[in-house]
Amino acid sequence: MENNKNIISSKPMKNKIKKIPQIFKHCSILLSIFSIFISTSQAFNYSDALSKSLLYFEAQRSGRLPYNQRVTWRDNSGVTDGLQEGVDLVGGYYDAGDHVKFGLPMAFTVTMLSWGVIEYGDQIAAAGELEHAMESIKWGTDYFIKAHTNPNVLWAEVGDGDTDHYCWQRPEDMTTSRRAYKVDEENPGSDIAGETAAAMAAASIAFRTLNPHYSHLLLHHAQQLFEFGDKYRGKYDGSIGVVKSYYASVSGYMDELLWAALWLYKATGNQMYLEYLINQAHSFGGTGWAVSEFSWDVKYAGIQVLATKLLMEEDHKKQHQEILEQYRAKAQYYLCSCMNKNNGNDSNVYRTLGGMLFVREWNNMQYVSTASFLLTVYSDLLQDTNQKLECPKGSIDPEELTSFAKAQVDYILGSNPMNTSYLVGFGPKYPAKVHHRGASIVSYKENKGFIGCTQGYDNWYGRDDANPNVVIGALVGGPDREDDFRDHRGNYMQTEACTYNAAPLVGVFARLKQLEDNSKDLIASF
Ligand SMILES: *[C@@H]1O[C@H](CO)[C@@H](O)[C@H](O)[C@H]1NC(C)=O
Ligand SMILES: *[C@@H]1O[C@H](CO)[C@@H](O)[C@H](O)[C@H]1NC(C)=O
Ligand SMILES: *[C@@H]1O[C@H](CO)[C@@H](O)[C@H](O)[C@H]1NC(C)=O
């Protein structure tokens with residue numbers, strides 16, 4: 001990112017024989033889903049979008065690349081990360097178009113990939129992508145295991161934005177500072193400890209049946225990290241000054257601590273974590289904050305939706321009904337805000353004329369992507385429990401939530417005034433000058449001649465040509481409030497992609513593919 005930015009509870013797998021009789025039981029619901037899919041003029045290949053979004057995570061890999069690396073224009077990089085501190089910090093993900101490894105957004109990325117697998121693992125598997133999805137999670141969690149060197153020490157960042165941004169180099173040529181930064185007892189970071197705990201707890205659920213030993217290891221780290229973050233309170237940007245102009249924790253650490261407790265409760269069933277979520281609900285803002293965005297910084301909406309699932313899924317949680325209902329009220333606020341069904345314009349997310357949810361200029365797509373995820377998850381929850389979303393301006397059927405999430409995804413994929421897919425490499429037209437160092441310079445595999453810091457700016461950054469490498473599956477920052485998009489490498493507000501943009505879409509693509517397959521089955525059955 002450039003400067004100053006500011007369980008397995010899955011649906012049944014697609015199964016034609018089982019599905020057809022169900023269709024007639026829930027005919028009206030399915031007919032409306034069916035109509036979601038026949039009413040659009042453009043049909044998108046969600047399976048293709050899913051596969052591509054997972055490729056993106058391979059392009060962002062730091063460290064030694066494995067034999068089965070599919071993005072072949074990349075090579076090993078950052079192979080001495082942590083050396084000067086005496087820690088092995090090789091691996092993990094580059095955050096965006098630069099080469100800093102920022103721990104907080106990386107952890108959020110992994111939490112969202114894991115949540116996607118927890119909700120839609122069967123659908124991802126049906127699309128043949130489960131292995132790649134698990135690899136995308138593991139590339140992050142393997143790194144978090146290395147970065148968590150002691151119960152109360154977490155390495156939070158490698159490299160820094162200021163020196164990184166002086167250079168326009170391929171990751172394979174990097175000559176910028178690779179200094180590593182940590183949080184510990186004296187220099188706390190409850191937000192990054194909390195988010196990393198959430199990521200590892202969620203990943204432990206995703207890995208539970210596929211790799212029980214690894215799942216257990218992740219859970220162990222998650223529990224220690226939560227304890228560390230809770231016991232030594234403080235914002236990580238107070239401890240690590242260099243992160244301030246890039247990923248300052250504006251919402252503080254209370255949302256991450258609630259988020260971590262909730263994921264740990266889901267992973268362990270330990271009442272201690274549930275009680276934390278309940279007891280701190282008020283003082284940590286969990287039942288107080290009504291928000292219209294969900295991001296690497298602000299987790300409240302995610303917590304509120306997940307807490308609502310507890311309320312609806314588990315009867316024995318009745319003793320906490322009152323607090324969980326307060327969480328639900330705020331989840332409803334978020335969803336109604338996306339659906340334009342709260343009272344007053346300020347309480348609703350602005351929609352562009354082209355129909356895109358618009359939160360702010362810089363990297364708006366991150367909010368579109370997280371909203372699509374929460375809308376999809378909530379719609380499924382309502383459908384499973386036979387409910388509607390109650391908003392100040394009326395109640396909304398679950399199908400309408402799905403339909404709106406689909407409209408946001410379709411906007412991303414090309415159904416927009418620019419007729420452009422903002423998912424790179426998808427469809428006939430997509431951004432060609434993505435603000436991405438590696439993609440914009442000739443592949444190291446093709447030309448191993450060293451490209452220096454300013455040489456990259458002089459010879460590659462300013463070119464008018466398309467990037468030599470297509471960073472397939474990256475979701476760029478996207479258009480402005482007029483649906484306008486300028487495909488220029490220097491326009492990083494719009495043309496830079498981040499790992500946390502694409503992560504929530506993985507599960508959504510798989511769910512939309514399943515719904516589309518179901519609607520095809522329905523057509524065939526008539
Ligand atoms: C969708 O894309 C995949 C490749 O990712 C391809 O195999 C499949 O045939 C496509 N489906 C349609 C209906 O075009
Ligand atoms: C709400 O927004 C619409 C469209 O931007 C505008 O026309 C209308 O005046 C606004 N209403 C209020 C009460 O601000
Ligand atoms: C997008 O496609 C529509 C329909 O084909 C066309 O009317 C419109 O001019 C196109 N817009 C751009 C910016 O290419």
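Every number for a ligand or one of its atoms is a count from 1 in the order of the listing.
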Checklist entry - Can Arg360 and Glu293 be counted as an ion pair, charged N to O under 4.0 angstrom? => result yes

Checklist entry - What part of Asn45, side chain, backbone, both or neither, has a heavy atom within less than 4.0 angstrom of ligand 1? => result side chain

Checklist entry - Would Glu119 and Lys309 pass as an ion pair if we require N to O under 4.0 Å? => result yes

Item to check | Residues Phe57, Trp139; criterion ring pair (Phe, Tyr, Trp, His ring centres under 6.0 Å); working and verdict | outcome: CA-CA 9 Å; Phe57 293 93; Trp139 197 266; over 10 Å; no

Checklist outcome for this item: Taken in chain and number order and not counting sequence neighbours, the residues that satisfy side-chain hydrogen bond (donor to acceptor under 3.5 Å, both in side chains) with Ser215 are none

Checklist outcome for this item: For ligand 3, protein residues within the heavy-atom limit of under 4.0 Å are Pro417, Asn419

Checklist entry - Short N/O distance, under 3.5 Å, between Asp48 and ligand 1? => result yes

Item to check | Residues forming a salt bridge (charged side-chain N to carboxylate O under 4.0 Å, His left out) with Arg351, sequence neighbours excluded | outcome: none

Checklist entry - In this structure, which one of Thr370, Asn364, Asn363 forms a side-chain hydrogen bond (donor to acceptor under 3.5 Å, both in side chains) with Asn501? => result Asn363

Item to check | Listed partners of Asp487 passing salt bridge (charged side-chain N to carboxylate O under 4.0 Å, His left out), at least two apart | outcome: none

